[in-house]
Chemist: 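Handing you a structure now.
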Amino acid sequence: MLDNGVVGILAETSNKWERRAPLTPSHCSRLLLAGRQKSGVARILVQPSTKRIFNDAQYEEAGCEITSDLSECGLILGIKKPKLEMILPDRAYAFFSHTHKAQPENMALLDKILAQRVSLFDYELVEGNQGKRRLIAFGKFAGRAAIIDLLKGLGQRYLNLGYSTPFLTLGAAYMYPSLAAAKAAIISVGEEIATEGLPSGICPLVFVFTGSGHASIAAQELFKLLPHTFVDPSRLPELFEKNDYYEHPEQYNPIFHEKIAPYASAIINCIYWEKQFPRLLSTQQLRDLAQKGCPLVGISDLTCDMEGSIEILNQTTTIDSPFFRYDPKNDSYHHDMEGDGIICSVVDNLPTEFPKEASQHFGGLLSQFIGSLASVADIAKLPGNLRRACIAHGGALTSLYEYIPTMRNSG
């Protein structure tokens, strides 16, 4: 079954906003026209969906079969996790599972995967041979949507603080028909800032970007459409040797709250973080900064690590309600833009705000791996980057992920 060349595409059920697809009709057409001997794909079955950005007729025209029944499929593809009752036994699944950090909210999913003897491949874990860069990712679109939504949110927040800014004219990322349209809107805001300036009471407006991955770089690219002066952290002295930090994180103390955060108006957080590393900002550090008059107004967190690198972030937000407000004075949380504190955005499916372009990008990356995933039953025969991305196989965790029960029990 695992190597029968029949590929299934799930209808996304995680939330109403998820309109992306792992493969577009064009990607499916190319795989099917190439034939199984070349592409590894004999058939593609697509579950019907009325909200997917590509409609069922487009997939039919590409040669796919529209059916709710994916039982003939050896490989089943999705974006977000499927409902537990949809997981079929003895199949290969590929989606963003968010299980490799023993995330509590997804342990029931992992239990089901193991019970059903599923081979689980997580896109997030498909990395280059040096383990540095993810090979299948939406990161650029997450960064793009994040900065647009943050700018919109800052416009609303500053208005509540008594300041009118050009950011008020921006819409949320999903409101634009294309990335080009969103860029045009940001350019228009930038032209107004260049001509009229910003209120003196909020200047200098300092944006801090953390991380060096696709998400951070993409967010910075759109930010650069605004008038700005960019300060590269490389101009600061080298503070530590990076390899030693990753090997011995317990020997390091964070300085972000001393050196950078006191000047920040907004933070766009894109760093990879695990429990053994120091936090970027603890709750107490943030409360201390607020007492000292730190100008921080907004945080956009793309990591979605609950109580992680920024400790106050203990909940995710949604595309239609992207912000909560944290009041550091009272250590309290609110779902409005009024009152004291910092607005925080923690949306875990930002790329779906650009569903068509994000799917086209992602499917182009995924297509090159489909042949191996659809036609190989023995994971030992898979290319190394796919083998390392397999969390479970045959009812057990693979060797790289045998640590998960320990993390799970220690949590």
Side-chain angles (χ1 to χ4, degrees), residues 1-12 20-47 52 54 58-67 69-80 82 87-97 113 117-139 358-394 398 400-401:
M1 177 62 78
L2 287 176
D3 58 352
N4 69 356
V6 183
V7 178
I9 296 178
L10 290 163
E12 297 296 324
R20 292 172 290 177
L23 295 173
T24 71
S26 294
H27 297 132
C28 292
S29 177
R30 285 195 287 271
L31 289 167
L32 291 168
L33 287 173
R36 185 176 181 185
Q37 284 194 332
K38 187 173 181 180
S39 72
V41 176
R43 298 162 62 200
I44 298 178
L45 279 56
V46 179
Q47 286 189 327
R52 190 187 287 123
F54 304 100
Q58 290 173 294
Y59 281 101
E60 282 189 304
E61 290 171 9
C64 302
E65 304 164 47
I66 307 300
T67 175
D69 182 8
L70 300 184
S71 60
E72 293 184 71
C73 302
L75 170 66
I76 298 174
L77 308 173
I79 299 295
K80 294 290 191 177
I87 298 175
L88 302 172
D90 302 305
R91 306 301 200 281
Y93 279 80
F95 54 87
F96 289 104
S97 74
I113 291 289
R117 303 172 303 281
V118 162
S119 298
L120 173 61
F121 295 88
D122 194 314
Y123 304 131
E124 188 176 359
L125 303 173
V126 182
E127 298 177 331
N129 291 329
Q130 301 302 316
K132 296 295 183 184
R133 289 285 182 183
R134 289 165 54 186
L135 300 181
I136 310 175
F138 286 105
S359 297
Q360 290 166 340
H361 170 78
F362 185 85
L365 299 174
L366 176 59
S367 292
Q368 61 188 307
F369 298 99
I370 293 297
S372 296
L373 290 172
S375 59
V376 176
D378 182 359
I379 62 171
K381 296 180 180 179
L382 288 171
N385 44 28
L386 290 179
R387 194 168 59 248
R388 291 188 295 271
C390 184
I391 293 175
H393 178 69
T398 57
L400 285 177
Y401 303 98

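We number each residue from 1, following the sequence as shown.
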Chemist: Under 3.5 Å, is there a donor-acceptor pair between the side chain of Asn4 and the main chain of Gly74?
Modeler: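 The answer is yes, because a donor-acceptor pair under 3.5 Å joins these two groups.
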Chemist: What heavy-atom pair brings Ile113 and Ala392 nearest, and what distance separates the two atoms?
Modeler: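 Nearest heavy atoms, Ile113 then Ala392: CG2-CB, 3.9 Å.
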Chemist: Hey, could you give me the CG/NE2 distance between Leu366 and His27, rounded to the nearest 0.5 Å?
Modeler: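 Output value for this atom pair is 8.5 Å.
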Chemist: Side chain of Arg117, backbone of Asp90: donor and acceptor closer than 3.5 Å?
Modeler: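 Checked: no pair found.
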Chemist: Give me the ring orientation class for Phe96 and Phe138: parallel if the planes are under 30° apart, tilted from 30 to 60°, perpendicular past 60°.
Modeler: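 Aromatic pair Phe96/Phe138 classed tilted.
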Chemist: Between Thr398 and His393, do the side chains contain a donor N or O and an acceptor N or O under 3.5 Å apart?
Modeler: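 The criterion, which ignores hydrogens and geometry beyond distance, is not satisfied for Thr398 and His393.
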Chemist: Is there side-chain contact between Ile9 and Pro22, with heavy atoms separated by less than 4.5 Å?
Modeler: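 Yes. Closest side-chain heavy atoms under 4.5 Å.
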Chemist: Taking all non-hydrogen atoms of both residues into account, name the closest pair between Ile79 and Ala21 and its distance.
Modeler: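 In terms of heavy atoms, the two residues are closest at CD1-C, 3.8 Å.
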Chemist: Would you check if there is a donor-acceptor pair between the side chains of Asp69 and Ser71 at a distance under 3.5 Å?
Modeler: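 Present: a donor and an acceptor within the cut-off.
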Chemist: Compare every heavy atom of Arg388 with every heavy atom of Gly128, then report the nearest pair and how far apart it is.
Modeler: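 The answer is O-NH2, 4.0 Å.
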Chemist: Report yes or no: do Asp122 and Ser97 form a side-chain donor-acceptor pair below 3.5 Å?
Modeler: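 Yes, a side-chain donor-acceptor pair sits under 3.5 Å.
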Chemist: Measure across Pro82 and Leu10 and return the closest heavy-atom pair with its distance rounded to 0.1 Å.
Modeler: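 Shortest heavy-atom separation between Pro82 and Leu10 comes out as CB-CD1, 3.9 Å.
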Chemist: Just by modelled atom types, is the Gly371 backbone N or O under 3.5 Å from a matching donor or acceptor in the Ser375 side chain?
Modeler: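 Side chain of Ser375 to backbone of Gly371, a donor-acceptor pair under 3.5 Å: yes, one is there.
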Chemist: Other residues, nucleotides and ligands only: do more than 12 of their heavy atoms fall within 6.0 Å of CD on Gln368?
Modeler: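 Above 12, so yes.
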Chemist: When rounded to the nearest 0.5 angstrom, what distance separates CG in Leu365 from CZ in Arg134?
Modeler: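 Rounded to the nearest 0.5 Å, the CG-CZ separation comes out at 10.5 Å.
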Chemist: For the CD1 atom of Ile44 and the CG atom of Leu23, what is their distance to the nearest 0.5 Å?
Modeler: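 Answer rounded to 0.5 Å: 6.0 Å.
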Chemist: Got a sec, which residues hit side chain to side chain donor-acceptor pair (under 3.5 Å) with Glu61, two or more places apart in sequence or on another chain?
Modeler: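 Glu61 satisfies side chain to side chain donor-acceptor pair (under 3.5 Å) with no other residue.
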Chemist: So does Pro89 get a backbone contact from the side chain of Arg91, meaning a donor-acceptor N/O pair under 3.5 Å?
Modeler: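 Present.
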Chemist: Give a yes or no on whether the backbone of Phe362 and the side-chain of Tyr123 come within a donor-acceptor separation of less than 3.5 Å.
Modeler: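 It does not hold such a pair.
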Chemist: Dump the intermediate steps for side chain to side chain contact (heavy atoms under 4.5 Å, CB included) on Leu77 and Phe95, then the final yes or no.
Modeler: CA-CA 6 Å; Leu77 308 173; Phe95 54 87; over 6 Å; no
Chemist: Are any side-chain N or O atoms of Glu12 and backbone N or O atoms of Lys80, one a donor and one an acceptor, separated by less than 3.5 Å?
Modeler: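 Checked: pair present.
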Chemist: Mark yes or no for whether Ser39, through its side chain, and Leu31, through its backbone, hold a donor-acceptor pair below 3.5 Å.
Modeler: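 Checked: pair present.
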Chemist: Quick one: does Arg387's side chain get under 4.5 Å of Leu400's, heavy atoms only?
Modeler: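 No, too far: nothing below the 4.5 Å cut-off.
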Chemist: How close do Val376 and Lys381 get, heavy atom to heavy atom, and via which atoms?
Modeler: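 Shortest heavy-atom contact: CG1-CB, 4.0 Å.
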Chemist: Would you check if the side chain of Tyr59 reaches a backbone N or O of Gln47 as a donor-acceptor pair within less than 3.5 Å?
Modeler: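 Side chain of Tyr59 to backbone of Gln47: no pair is present.
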Chemist: Check for a donor-acceptor pair, side chain of His361 on one end and backbone N or O of Ala358 on the other, with a separation under 3.5 Å.
Modeler: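 Checked: no pair found.
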Chemist: From Leu125 CG over to Ile136 CD1, what is the distance, rounded to the nearest 0.5 angstrom?
Modeler: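 Here the rounded value is 10.5 Å.
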Chemist: Identify the heavy atoms of Ser359 and Phe54 that sit nearest to each other, and give their distance.
Modeler: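 Distance-wise, the nearest heavy atoms are CB-CE1, 3.8 Å.
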Chemist: Mind checking whether Pro383 and Ser372 have side chains closer than 4.5 Å, heavy atoms only?
Modeler: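 Side chain of Pro383 against side chain of Ser372, heavy atoms only: contact under 4.5 Å found.
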Chemist: Partners of Arg43 by side chain to side chain donor-acceptor pair (under 3.5 Å), sequence neighbours excluded?
Modeler: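 Arg43 satisfies side chain to side chain donor-acceptor pair (under 3.5 Å) with Glu65, Glu72 once adjacent residues are dropped.
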Chemist: Tell me whether the centres of the aromatic rings in Phe121 and Phe369 are closer together than 6.0 Å.
Modeler: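 Centroid distance Phe121-Phe369: not below 6.0 Å, so no.
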Chemist: Side chains of Leu88 and Cys73: does their closest heavy-atom pair fall under 4.5 Å?
Modeler: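 Contact flag for Leu88/Cys73 side chains = no.
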Chemist: Leu75 vs Val6, test: side chain to side chain contact (heavy atoms under 4.5 Å, CB included). Steps then yes/no.
Modeler: CA-CA 7 Å; Leu75 170 66; Val6 183; over 6 Å; no
Chemist: Using 0.5 Å steps for rounding, measure from the CG atom of Leu45 to the CD1 atom of Ile76.
Modeler: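 CD1 of Ile76 is found 9.5 Å from CG of Leu45.
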